[in-house]
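Take a look at the structure set out below.
Lettering of chains follows the sequences in order, A, B, ..., and the numbering in each one begins at 1. These numbers come from a predicted model, not from an experiment.
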There are 2 protein chains.
Amino acid sequence: MAGTATAQQIEAGATGYDAFALNCPSRRLIDTLGDKWVSLVVVALGIRGPLRYSELAAQIEGVSQKMLTQTLRGLERDGLVTRTVTPTVPLRVDYELTDLGRSLLVVLGHLKEWAELHMGAVDAARASYDATNAS
Amino acid sequence: MAGTATAQQIEAGATGYDAFALNCPSRRLIDTLGDKWVSLVVVALGIRGPLRYSELAAQIEGVSQKMLTQTLRGLERDGLVTRTVTPTVPLRVDYELTDLGRSLLVVLGHLKEWAELHMGAVDAARASYDATNAS
DNA sequence: CGGGATCCCCCGCGATACTG
DNA sequence: CAGTATCGCGGGGGATCCCG
């Protein structure tokens, strides 16, 4: 039944949130996903299942220790991933998506779908724009 | 219909994009939406229809001239909004979503839906996390 | 009215070194 | 192996001034 999303669907929430309020849920979600590494970690854990810290680091190319740890702490705090420490020697820490985190994959799937459908058009628009505005 | 999004749906794109590549469509879309003002401008134009520059500025509280202009230029470049100049005195400039821009509202609707369904759980998780990790 | 140009500050992030 | 602590810089973004 989700044919076209109208302005009303965007505007009228059941809870009446103001999309322009700084702490409205939508804003906060966008801020979270906007963080460069969040979606990568979520997708990695979604695709490959539970992963150790070093496996995540190896998989997500270019991420620094600091940012990976920081991102994971944030996700854990938000209830999107679980952190399991196995106190063997050497230490072992596994990260896994929670149900909540897994539900985020649905949203990321929608993003991915739009991107693959329309980013070509965006590229074309850019090329056209850059061409006419020859700087 | 799409019941649950699986890892396969996320992983396997028709075009075989690598979600971890820097310039894959999904990443670029997330980067775009991650920009603080982009979604606000898109939603504002989506809800209220065409708006003048000053109307946008009034509506999106806290945005500076620089960032509003910069955001609008980017959206115009990406083919998401049109910029129409009416050379009267004083000058009048109207911004409006393109069809492509309007299709982005669908995605933002999905984001909003997830946020309103689950951000409560995120808040609860945070409170719990902060309580146990009494710093 | 709708911007462009400039200055400047802040802090996010990477690199490095160290610890349980 | 899985982090924490510290330093340093680069650039994103606000404030301000000016122009068509």
Could you go step by step and tell me if A/L108 and B/I30 meet the side chain to side chain contact (heavy atoms under 4.5 Å, CB included) rule? CA-CA 9 Å; A/L108 290 174; B/I30 290 174; 4.3 Å; yes
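- In this structure, the CD atom of A/Q65 is 12 Å from the P atom of C/dT16, given to the nearest Å.
- The shortest heavy-atom contact between B/A44 and B/L51 is O-CD1, 4.0 Å.
- Distances shown here put a side-chain N or O of B/R73 below 4.0 Å from the OP1 or OP2 atom of C/dG4.
- The side chain of A/S54 places an N or O atom within less than 4.0 Å of a non-bridging phosphate oxygen (OP1 or OP2) of D/dA2.
- Taking atom CG on B/L72 and atom P on C/dG4, their separation rounds to 10 Å, with Å as the unit.
- Comparing C/dC13, C/dG3, D/dG3 by their closest approach to the side chain of B/V93 singles out C/dG3.
- Salt-bridge annotation for B/D99 and B/R102: present, with a side-chain N of the basic residue lying under 4.0 Å from a carboxylate O of the acidic one.
- Remark: P of C/dG12 and NZ of B/K36 are 12 Å apart, rounded to the nearest angstrom.
- Nucleotide C/dC9 holds its C1' atom 12 Å from the NZ atom of B/K66, rounded to whole Å.
- Following rounding to the nearest Å, B/D35 (CG) and D/dG11 (P) show an atom-to-atom distance of 16 Å.
- The distance between atom CD of B/E76 and atom P of C/dG4, rounded to the nearest whole Å, is 10 Å.
- Between A/W37 and A/L91, it is A/W37 whose nearest contact on DNA chain C lies nearer the 5' terminus.
- Taking both residues in full, the closest heavy atoms of B/V81 and B/L72 are given as CG2-O, 4.0 Å, listed atom of the first, atom of the second, then distance.
- In the set C/dG3, D/dG3, D/dG14, C/dG3 carries the atom at the smallest distance from any side-chain atom of B/R83.
- Note: CG (A/L68) to P (C/dG12) measures 18 Å, nearest angstrom.
- Contact check, B/R52 against C/dG2: a side-chain N or O comes under 4.0 Å of OP1 or OP2.
- Using a 4.0 Å cut-off, no side-chain N or O of B/Y53 falls inside it from OP1 or OP2 of C/dG4.
- Rounded to whole Å, atom P of C/dC13 lies 7 Å from atom CD of A/Q70.
- A/R28 has no carboxylate O lying under 4.0 Å from a charged side-chain N of A/D31, or vice versa, which leaves the two without a salt bridge.
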